[in-house]
Amino acid sequence: MTLKLRELSMLDDGFNPGHGLCAGCSESVIVRQVLTALENPPVVALATGCLEVSSTRFPDTAWKVPLIHSAFENAATSASGVEAAFKALVRKGRMADRPITFVVFGGDGATYDIGFQWLSGALERGHKFMYVCLNNEGYMNTGIQRSGATMLGAWTTTTPAGSVTPGKPQWRKDMTGIIAAHGIPYVAQAAVHHWKDLMTKVRKAEAADGPAFINVLAPCDRGWRYEPEDTMAISRLAVETALWPLYEVENGKYKLNGPRHKSLPIVDYLESQGRFRHLLRNGDPAVVEEIQGIVDLEWNRLREKCGLEPELSKNEAEAVTSAD
Amino acid sequence: MTQPGAESWVDVPTGGTVVNPGSTERNLTGSWRTKRPVIDFDACSHCMICWVMCPDSCFATAKGTLVSVDLDHCKGCGICASECPRKCIEMVAEGRD
Ligand code: SF4
Ligand code: SF4
């Protein structure tokens, strides 16, 4: 089926309201988009994180699809075990063979940090499952602690901003790149505001002949410090500043799916959230410049992988013009 | 039916299995709200952007048209009002009619 919202709106999204996610949370929007886009019935494994604690508070569940409640680290392992068991039961004639999509939802804590080796193992073993990372750049449900996905300069409760440190001192991991290095059939980066791109990627991940991974930026109004109604606007800014480019790696081939040009400076993104306010208020241009420098570098590396010319940063472009 | 969670311990499914799919629906999160979305149905083009962007699955649809908004669960985040391309959703403060 083609992806038309009117037609999709006639389907049951498999995820009920009444869950405890904050007002304006992007995670349930991503889950609803993923479940609606799937063409096969899913079996879901959840890793510990905001989504798990908010949607499966015993004895309730928001889910209307089969779900395995896993620990922080082992959701990919749960899914790979179920996938292997299903194949074995079909082989022994104890279960009918039918298309089922095995899906994992994990936050960045589960994906970038705690569940990383388990995920890496499941990818290497080649189980046919799809891993969706809901990347809200921190341990939000335990009180906004930094993770391997948190941005340089971001305030969190474990990287407070003050006279000693300007928020988190390190850059984030390039998790999408790390997963792509596993050489699995499908890897993509997506954003919640761009529902069509995200749903198209879900369809591709579902059809992939082996493991698939989609890293979705999941803006968090509570932890990133912005008004709940701005969730989609923040996601859009992350893409337009090239901080979170939309791209996919299909059988090793890189392709940009989002804007081909960086249209806004990183300051526009930093300004939109309270977690970066100290960088601008106290005037820490060094950190802002450092962030812009890394964004430019990563953007050009990605462009190169996609077979595109590098894009000059504003400063570089000015330097070139003044030299002429 | 006994409310989920109200069973005696002998009736709790083995392994803590949860056998009430979608049962969070009984939590009326609409009480969290300080602002509520009011839709101008005359201006609405039924594009379903609000339906796909709502974190709390609040937009009821029928045959591809927008029918109503579920105020029992709407947390009043305002995403629908920000994202509606026709700007036909307005957030109105609760308690002021
Ligand atoms: S986003 Fe606006 S125009 Fe589109 S269906 Fe919703 S209310 Fe109607
Ligand atoms: S205000 Fe938020 S929760 Fe309420 S209907 Fe709009 S998007 Fe959904």
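Order of the sequence lines sets the chain letters (A, B, ...), proteins ahead of strands, with each chain counted from 1. The structure displayed is predicted, hence computed values, not measured ones.
Listed for the A:Thr61 side chain is no donor-acceptor partner under 3.5 Å among the backbone atoms of B:Pro21.
In this structure, B:Arg33 places its CZ atom where more than 12 heavy-atom neighbours from other residues, nucleotides or ligands lie under 6.0 Å away. Within 6.0 Å of atom CZ in A:Arg225, more than 12 heavy atoms from other residues, nucleotides or ligands are found, so the atom counts as buried in its surroundings.
One finds no salt bridge joining A:Lys64 and B:Glu25 here, because no Lys/Arg side-chain nitrogen approaches an Asp/Glu carboxylate oxygen to under 4.0 Å.
None of B:Asp56, B:Thr29, B:Asn27 except one satisfies the side chain to side chain contact (heavy atoms under 4.5 Å, CB included) rule with A:His19; the exception is B:Asp56.
Cation-pi contact between A:Arg32 and B:Trp51: present, with separation from the ring centre below 6.0 Å and deviation from the ring axis of at most 45°.
Minimum interatomic distance between A:Phe15 and B:Ser57 (heavy atoms only, all atoms of both residues): O-OG, 3.5 Å. Considering all non-hydrogen atoms of both residues, A:Pro17 and B:Asp70 come closest at CG-OD2, 4.4 Å. Residues A:Pro59 and B:Ser23 approach most closely at O-OG, 4.1 Å, considering heavy atoms. Across every non-hydrogen atom of B:Met48 and A:Leu5, the tightest pair is O-CD1, 3.6 Å. A:Leu21 and B:Lys75 make their closest contact through O-NZ, 2.6 Å (heavy atoms, listed as atom of the first residue, atom of the second, distance). A pairwise comparison of heavy atoms in B:Pro55 and A:Ser28 identifies O-OG, 2.7 Å as the closest pair.
Of the two parts of A:Ser55, only the backbone, made up of N, CA, C and O, holds a non-hydrogen atom closer than 4.5 Å to a non-hydrogen atom of chain B. In this structure, no portion of B:Cys80 lies under 4.5 Å from any heavy atom of chain A. Heavy atoms closer than 4.5 Å to chain A are found in the side chain of B:His73, but not in its backbone. With a 4.5 Å cut-off on non-hydrogen atoms, A:Val31 does not touch chain B at all.
Scanning residues 58-66 of chain B against chain A with a 4.5 Å non-hydrogen threshold yields B:Thr61, B:Lys63, B:Gly64, sorted by number.
Inter-residue side-chain proximity for B:Val52 and A:Met199 is flagged as met; some heavy-atom pair is nearer than 4.5 Å.
With sequence neighbours excluded, no residue forms a ring pair (Phe, Tyr, Trp, His ring centres under 6.0 Å) with A:His193.
Taking chain B as the reference chain and counting heavy-atom pairs below 4.5 Å, the highest number among A:Thr56, A:Asp13, A:Val29 is found for A:Val29.
A donor and an acceptor atom, one from each side chain of B:Thr24 and A:Asp60, are nowhere located under 3.5 Å apart.
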